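Written out below as structure tokens is the structure these notes cover.
Computed from heavy atoms alone, side chains included, the values below leave out hydrogens, waters and symmetry copies. Quick note on labels: first sequence line is chain A, next is B, and so on, each numbered from 1. Predicted model, so just to flag it, every value in this text is computed and none were measured.
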Amino acid sequence: MTRPYYVTTPIYYISGNPHIGHAYTTVVADVLARSARTRGPAFMLTGTDEHGQKVANAAAEHGKTPQEWTDELVPRWQALFAAYHVEYDDFIRTTQARHETAVQAIFERMRQNGDVYLGTYEGWYCVSDETFWLESKLAEGRCPTCGREVQWISEEDWFFRLSKYRDRLLAHYRANPQWVRPRSVYNEMMAILEEGLEDLSISRTNLEWGIPIPGPSAGSGRGVIYVWFDALLNYVTALGWPDGERFRTFWPASVQLIGKEIARFHTLIWPSLLWSIGEAAPELVFAHGWITVEGQKIGKSLGNAVDPFALAERFGADSMRYFLLREAPFGSDFSYSEEKIAQRHNNDLGNDLGNLLRRTLTMVQKYHSGIVPEPGERTSLSMRFADPSTHLGERVAGLVTQLQFREALEAIWELVTALNRAIDERKPWNLHKEGRQHELAALLYDLCQGLRWLAILLHPFMPERAAEMWRQLGARGRIEGDWRQSLAAWGDDGSLPPGTAVVPGDALFPRIDLVSA
RNA sequence: GGCUCGGUAGCUCAGCGGUAGAGCGGGGGACUCAUAAGCCCUAGGUCGUAGGUUCAAAUCCUACCCGAGUCACCA
């Protein structure tokens, strides 16, 4: 029994429509969760971050209230995740009562333990950009980005005593050098820590769209809770903090996925907030890279944003999932293009995998009446991947746990290649002509079982296509059953016994021709 | 400017003290069960530049060049 596994995505800030980057992070979380579910209890959380100035502005531009606006957008995000075959366990919205109530309770608790206090926030403020600037950042006394005059603002706000946690953070970082990955982000955060931390203002008096400051605070200290304070807490409010059963089961999180641009919030502020309410920091925060288009960051302003629904429609959701996880080492930026997606789809999925399934099933039909034969002697082919010391299932599970998706898929492809190679070396068409039925049957059995393994191994990555493989093989039972158990023996779990009738179907990954498409 | 991470075959990258590797692309070959797929053979690259340490350096040190990121209470 493994420890319950909890994986989160950032909650997405819905000032507009989702793009491929949002699908990316969420798919990664889904792969982790699906893989973990084969080993024990697992929980995947995603959701939307709906408060703050930008949402209020965007809603106003569309002539709607913020609530109307977010209610309209949230289904698009949920539709995106569905389109990418993501099965989350919960979807939290920061406008939900369960979240707002818990955030207020946390705020109140911190006010009582002294970590939240009323202070004065002062600084140079650019009204146009709605941004505070440090004196040192000003350009000749004017806003460095828009060049307009700035004004000195002074307001009473609630502050979180972040500075108090600096030493504990330093100690935590030193004791757990792997808790923030990749290493470059860890280093950045250590550098910030060594410079020191200032307390954080966590309320906004000039904004209405947010969670109200709780308590009898008429006069000073009114307003709403700063959106980041609110947003970070979703990871525990969704589980029913402080005493929900899910919270007790799944916290602390196993992996929290973030984009590297929000690392500061998740690796400095977030653990401090947790410690303030007596909870543990997450085990791992992993900051991944950007998806770029020929090196250019994706953004609406650059005009290179691509509709993620269109991509899933065109290439298939599972092919997109494969591409996103296979193309680059997880963590680093990677460049995306339709040519690259098509290449992965055609070469890896169509030629190597899809064609392997088809040629195998065709031979089972032609040479064995479409019936899975009896196994022969345990061959080196079948045993090679089941050997306990190099067990492919264990290797893949280990790599996925380490978020090395590309390496995991490469390992799986060793089996794809081995099966293709076995066909070419053993030449079943010759065995058939020469009437060597036993050899032929043994080979066909190994191929079918190898494909069954592939379906199981690939299921977390490509759930729908893997299920289709499973179906065409005629396999019984649930493909998403316990991974380790399914793979423990080469074909001994009964899901594909000799005598099974295979069910060849359409090509798994039909070739996509970009030019004439 | 400070700091961080990179600069290895056309492309994407692995290697991180001991005679330069993988995948893709490109070139050649034998086959036919298959989505003109698969299989086999083939790449000879000053490992950013210049020094240094070492019996020995992509692999350690120094300087420099180039690229990216970060040093902001937008999320």
Side-chain angles (χ1 to χ4, degrees), chain A residues 10-16 49-55 57 121 123 125 129-134 136-137 144-145 157 159-160 162 182-192 194-195 198-204 226-232 259-265 269 287 289-290 292 295 297 326-329 331-335 340 343-367 406-407 410 413 416-417 419-432 440 443-444 447 504 506-512:
Chain A
I11 48 174
Y12 302 107
Y13 198 65
I14 48 173
S15 55
D49 182 10
E50 307 185 15
H51 294 305
Q53 189 68 54
K54 285 194 176 175
V55 170
N57 290 350
Y121 189 41
Y125 185 72
D129 288 359
E130 293 166 6
T131 304
F132 281 94
W133 295 102
L134 292 173
S136 60
K137 296 284 182 185
T145 55
D157 280 328
F159 282 74
F160 174 72
L162 183 62
R183 189 70 188 182
S184 56
V185 174
Y186 174 93
N187 290 340
E188 293 285 347
M189 296 307 131
M190 273 300 267
I192 292 171
E194 276 156 10
E195 281 177 27
E198 290 180 11
D199 289 350
L200 185 74
S201 91
I202 55 168
S203 64
R204 289 297 125 97
Y226 173 47
V227 63
W228 259 114
F229 182 89
D230 154 11
L232 286 167
K260 60 189 178 184
E261 75 283 4
I262 54 176
R264 182 192 186 91
F265 294 92
I269 300 171
W290 303 105
T292 65
K297 201 173 136 181
R326 174 63 181 77
E327 185 65 14
S332 56
D333 291 356
F334 72 102
S335 174
K340 286 181 177 176
Q343 197 173 319
R344 286 287 175 203
H345 172 92
N346 289 333
N347 293 355
D348 297 6
L349 298 177
N351 297 348
D352 292 350
L353 178 62
N355 185 49
L356 171 64
L357 177 69
R358 169 160 285 190
R359 65 198 299 214
T360 297
L361 296 186
T362 300
M363 288 189 287
V364 169
Q365 279 197 308
K366 285 191 176 178
Y367 305 145
R406 195 240 247 151
E407 293 78 1
E410 284 174 346
W413 248 251
V416 174
T417 299
L419 295 176
N420 272 319
R421 184 179 295 136
I423 294 173
D424 284 279
E425 286 176 351
R426 305 287 301 286
K427 300 180 175 39
W429 46 94
N430 285 345
L431 296 178
H432 178 251
L440 178 58
L443 174 62
L444 292 178
L447 292 173
D506 293 338
L508 214 49
F509 301 98
R511 188 165 192 85
I512 293 170

Atom CG of A:N187 and atom C1' of B:rC3 are separated, to the nearest Å, by 10 Å

C1' gap between B:rA9 and B:rA50, integer Å = 24 Å

Parallel, tilted or perpendicular: rings of A:F265 and A:W228 (30°, 60°) | parallel

Any side-chain N or O of A:R359 less than 4.0 Å from the OP1 or OP2 oxygen of B:rG38?
-> no

Describe the nucleic acid contact of A:T362 in one word from base, sugar-phosphate, nothing, applying a heavy-atom distance below 4.0 Å.
-> sugar-phosphate

How long is the line joining CG of A:N57 and P of B:rA75, in whole Å?
-> 11 Å

Please report the shortest heavy-atom distance between A:K260 and A:A287, naming the atom on each side.
-> CA-CB, 3.7 Å

Closest to side chain of A:R511, choosing from B:rG38, B:rG69, B:rU35 = B:rU35

Base, sugar-phosphate, or nothing: which does A:R204 touch, judged by heavy atoms less than 4.0 Å apart?
-> base

May I ask you to say what A:L508 touches in the nucleic acid, namely base, sugar-phosphate or nothing, with a heavy-atom cut-off under 4.0 Å?
-> base

Taking for each residue the nucleotide of RNA chain B with the nearest heavy atom, is it A:Q343 or A:P428 whose nucleotide lies nearer the 5' end?
-> A:Q343

Where the side chain of A:Y13 is concerned, which of B:rA37, B:rA75, B:rG38 is the nearest nucleotide?
-> B:rA75

Under 4.0 Å between any heavy atoms, over every strand shown, what does A:N346 touch: base, sugar-phosphate, or nothing? Just pick one.
-> nothing

Report the nucleotide, chosen from B:rU4, B:rC24, B:rC39, that has the shortest atom-to-atom distance to any side-chain atom of A:T417.
-> B:rC39

For the side chain of A:Y226, starting at C-beta, report the closest nucleotide among B:rA75, B:rC3, B:rC5.
-> B:rA75

A:E195 side-chain proximity, nearest of B:rC71, B:rC33, B:rG69 = B:rC71

If you check every side-chain atom of A:F509, which of B:rU35, B:rA72, B:rG25 has the closest atom?
-> B:rU35

Can you tell me if the side-chain N/O atoms of A:W228 get under 4.0 Å from OP1 or OP2 in B:rC73?
-> no

Give A:R344 one of three labels, base, sugar-phosphate or nothing, depending on what nucleic acid heavy atoms sit under 4.0 Å from its own.
-> nothing

Could you work out the separation of B:rC55 and B:rU46 based on their P atoms and round it to a whole Å?
-> 28 Å

Would you say a side-chain N or O of A:R421 is under 4.0 Å from OP1 or OP2 of B:rC40?
-> yes

For A:R359 and A:D424, what are the C-alpha separation, side-chain angles and deciding distance, and is it a salt bridge (charged side-chain N to carboxylate O under 4.0 Å, His left out)?
-> CA-CA 11 Å; A:R359 65 198 299 214; A:D424 284 279; 3.6 Å; yes

Base B:rA37 to side chain A:N351, donor-acceptor N/O within 3.5 Å cut-off | no

If you look at every strand shown and take non-hydrogen atoms under 4.0 Å, does A:G350 touch a base, only sugar-phosphate, or nothing?
-> base

In short, A:N351 meets A:R511 closest at the heavy-atom pair OD1-NH1, 3.6 Å

Would you indicate which nucleotide in B:rC5, B:rC73, B:rC3 comes nearest to any side-chain atom of A:R264?
-> B:rC73

The side chain of A:E261 lies closest to which of these nucleotides: B:rG38, B:rA75, B:rU32?
-> B:rA75

